[in-house]
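In what follows, a structure is listed as structure tokens, so that the remarks can point back to it.
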Amino acid sequence: MWLRPRGVEDTAAGLGQAGTRALRLAAVVRRVALCTLVVVLAACGSSQPSPRPSPRASHSPTAAAPTEVATATVAPTPAPTPTPAPPTPSPCDVAQQAPPQGTIAASFATALAFAPDGRLFWTERAGTVRVWQGGAAHDFAHVATVTTERGGGYSERGLLGLALSPSFASDHLVFAFYSDPDYTDQRVIRWHDCAGTAQNAQVIVTLPSGGDCCHKGGRLAFGPDGMLYVTLGEEHTAPAAQNTGDVRGKVLRYRPDGSVPGDNPFGNPVWAYGLRNPFGIAISSSGQVAVTSNGPSGDAGSPSTGYDLFIASVQKGKGYQWPDCYGYSHPLQTSTCPAGQLGPDWSSENSTVVPTGVAFVDSAGPSAYAGHIVFCTFDRGMLIFTPGSPHGSVSGGPSTCTLDVKEGPDHALYWSDAGHIYRGA
């Protein structure tokens, strides 16, 4: 409600309607003027200084920097790692197999080799490689070879050696050594195994075979270095054994494709020399190389029999005395044995055993052989080697171990003779 000033109501009574409006307008003007005066007096009578504006930072004519805002850095959620698809099975793979559980027939099984899938491969001297698969023996491959001399005389030729690639589970490679029917060459051949059938035969090494019956060597083994080791006899050319530029009378070392490794000691395939007829080789998981070698038979002025050798650890670049010495370092071609060359760890001396295949038996092998090196012989069967000083000793095992011996994946021992392969647990 609005309050009217005193006297206004009396004046309005004496005026007409228009006058009344004029009076009201005048009253409003007076009130506005009064209020204005009060405000001005209040401002003039104040003792407080007028507030000053706060100082401002000077600004360059460039645009102001954006306001910095604190934010939390959140790492992006990593995409889930996809689970790799299982490898596609190769049509050449074979399911895990059980090795033979007893004696099986085999025709002069010169060499034995086990695949990681449990299958047993073996060579038969007349030219067939066979495999124990699905509980039975099957032909795997054939090579053309000879087992007699021209005219039918005694010979040490034939299909003699066998080894499987250390990467067999992925590359399926099978290697063999055989004498060519040309009576001039010996060859290392390899195949690709496809579910028990040989494919892609390839000769990777060609070696001389010599002009007469004997000292052909012919054994194969892979080392933990992935290299292929090959034994070759001196082929009745005794001086060749001491010549490091000649492959005869040696342990040779190749890559799996047949090329020569750059770290071989003589810049050629020769790895160790001075051997008469190395007819057995085995290499342990640590790289120890064991070799058997047949002793003299009247050649190079030697005794007519005996002095068969076993060397437990053949060394890279070392010589092993033949034909300068034989047996336990008996001088033959010279008055003393060559300086720096090594004698055998065991010699049959004046008896004859004709040593052949050799194997390292691990601690899980049959108790009679566990932790030993064993080797077969034609004349005395299996011999079990025990190290000693200055020479080791041997004890006897099964008489049927005449050709080759291997420890199976079941840690049983397998060995062969002219008619069978045997199992001993």
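Treat the numbers as computed from the prediction; the structure is a model and nothing was measured.
No donor-acceptor contact under 3.5 angstrom links the side chains of E235 and S209, judged on distance only. Neither side chain, T402 nor R380, offers a donor N or O lying under 3.5 Å from an acceptor on the other. Of the N and O atoms on the side chains of T123 and T110, at least one donor lies less than 3.5 Å from an acceptor on the other residue. Judged purely by distance below 3.5 Å, without hydrogens or angles, the side chains of W191 and Q199 never pair a donor atom with an acceptor atom. Donor-acceptor pairing under 3.5 Å is lacking for the side chains of N200 and H192. Side-chain N/O atoms of Y254 and N264 include no donor and acceptor closer than 3.5 Å. Side-chain atoms of S347 and E349 form a donor-acceptor pair, as typed in the model, at a separation below 3.5 Å.
A donor-acceptor contact shorter than 3.5 Å links the side chain of Q333 to the backbone of A300. Side-chain atoms of D246 do not come within 3.5 Å of backbone N or O of N243 as any donor-acceptor pair. Judged purely by atom type and a 3.5 angstrom limit, S348 has no side-chain atom pairing as donor or acceptor with the backbone of G306. Distance alone, capped at 3.5 Å, places no donor-acceptor pair between the S167 side chain and the D171 backbone. A distance-only check finds a donor-acceptor pair linking the side chain of H138 to the backbone of Q133 [under 3.5 Å]. Of the possible polar contacts, one joining the R219 side chain to the F279 backbone as a donor-acceptor pair under 3.5 Å is found. A donor-acceptor pair under 3.5 Å is absent between the side-chain atoms of T148 and the main chain of S155, judged by distance alone. Judged by distance alone, the side chain of Q242 and the main-chain N or O of W322 form a donor-acceptor pair under 3.5 Å. Of the possible polar contacts, one joining the R276 side chain to the G295 backbone as a donor-acceptor pair under 3.5 Å is found. In this structure, the side chain of D404 engages the main chain of L112 through a donor-acceptor pair within 3.5 Å.
Tested against T352 for a side-chain hydrogen bond (donor to acceptor under 3.5 Å, both in side chains), the candidates D308, T377, T305, N294 yield a single pass: T305.
Atoms CD and OG1, on Q321 and T334 in that order, are 9.0 Å from each other to the nearest 0.5 Å. Note: D193 CG to L173 CG = 9.5 Å, rounded to the nearest 0.5 Å. Taken from NZ in K318 to NZ in K316, the straight-line distance is 12.0 Å, to the nearest 0.5 Å. Interatomic distance, CG of L207 versus CG of L252, reported as 6.0 Å (0.5 Å rounding). Separating the CD atom in Q341 from the OG1 atom in T336 is a distance of 10.5 Å, to the nearest 0.5 Å. Taking CG of D362 as the reference point, atom OG of S285 lies at 8.5 Å (rounded to 0.5 Å).
Considering all non-hydrogen atoms of both residues, A113 and L164 come closest at CB-CG, 4.0 Å.
Within the structure, no pair that satisfies the ring-ring contact (aromatic ring centres under 6.0 Å, His included) test touches residues 283-305, not counting sequence neighbours.
Annotation: ring pair (Phe, Tyr, Trp, His ring centres under 6.0 Å) contacts of F385 (sequence neighbours excluded): F310. Evaluation of the ring pair (Phe, Tyr, Trp, His ring centres under 6.0 Å) rule for Y320 yields no partner, not counting sequence neighbours. Applying the ring pair (Phe, Tyr, Trp, His ring centres under 6.0 Å) rule to H391 yields the partners Y328; only residues at least two apart in sequence or on another chain are considered. For S393, the side chain to side chain contact (heavy atoms under 4.5 Å, CB included) partners at least two apart in sequence or on another chain are T386. Qualifying salt bridge (Lys or Arg N to Asp or Glu O under 4.0 Å) partners for E149, counting only residues two or more places apart in sequence or in other chains: R157. Legend: residues meeting salt bridge (Lys or Arg N to Asp or Glu O under 4.0 Å) with D324, ordered by chain and number and at least two apart, are absent. In this structure K216 satisfies the salt bridge (Lys or Arg N to Asp or Glu O under 4.0 Å) test with no other residue, sequence neighbours excluded. For the salt bridge (Lys or Arg N to Asp or Glu O under 4.0 Å) test, residues two or more places apart in sequence or in another chain that qualify with R423 are D410. Take Y183 and apply the ring pair (Phe, Tyr, Trp, His ring centres under 6.0 Å) test, not counting sequence neighbours, and it matches no residue.
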Exercise for review: Quick one: do R253 and D263 satisfy salt bridge (Lys or Arg N to Asp or Glu O under 4.0 Å)? Show the steps, please.
Suggested key: CA-CA 10 Å; R253 179 175 179 259; D263 59 348; 2.8 Å; yes
Practice item. Might you work through the side chain to side chain contact (heavy atoms under 4.5 Å, CB included) test for Y178 and R125, ending with a clear yes or no? Key: CA-CA 9 Å; Y178 69 97; R125 185 185 173 204; over 6 Å; no
**Study point:** CA sep, side-chain torsions, deciding dist, call: L413, V405, side chain to side chain contact (heavy atoms under 4.5 Å, CB included)
**Key:** CA-CA 7 Å; L413 217 55; V405 57; 4.0 Å; yes
Exercise for review: Run the numbers on L220 and L228 for side chain to side chain contact (heavy atoms under 4.5 Å, CB included), then give the verdict.
Suggested key: CA-CA 7 Å; L220 305 179; L228 177 65; 4.2 Å; yes
Exercise for review: Please assess I421 against W122 for the test side chain to side chain contact (heavy atoms under 4.5 Å, CB included), listing each intermediate value before the final yes or no.
Suggested key: CA-CA 9 Å; I421 298 171; W122 69 92; 3.5 Å; yes
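The ring of Y307 has its center closer than 6.0 angstrom to the ring center of H330. Note: Y414 and F114 meet the aromatic proximity criterion, with ring centroids under 6.0 Å apart. A distance below 6.0 Å separates the ring centres of F140 and F121.
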Counting only pairs under 3.5 Å, give me each side-chain donor-acceptor contact of residues 265-275, with atom names and distances, residues two or more places apart or in other chains.
residue, atom, partner, partner atom, Å
N268, OD1, V270, N, 2.9
N268, ND2, T244, O, 2.9

Which donor-acceptor pairs under 3.5 Å do the side chains of residues 94-108 make with protein atoms, sequence neighbours left out?
residue, atom, partner, partner atom, Å
Q96, NE2, P116, O, 3.2
Q96, NE2, D117, O, 3.2
Q97, OE1, G134, N, 2.6
Q97, NE2, A95, O, 3.0
Q101, NE2, P99, O, 2.8

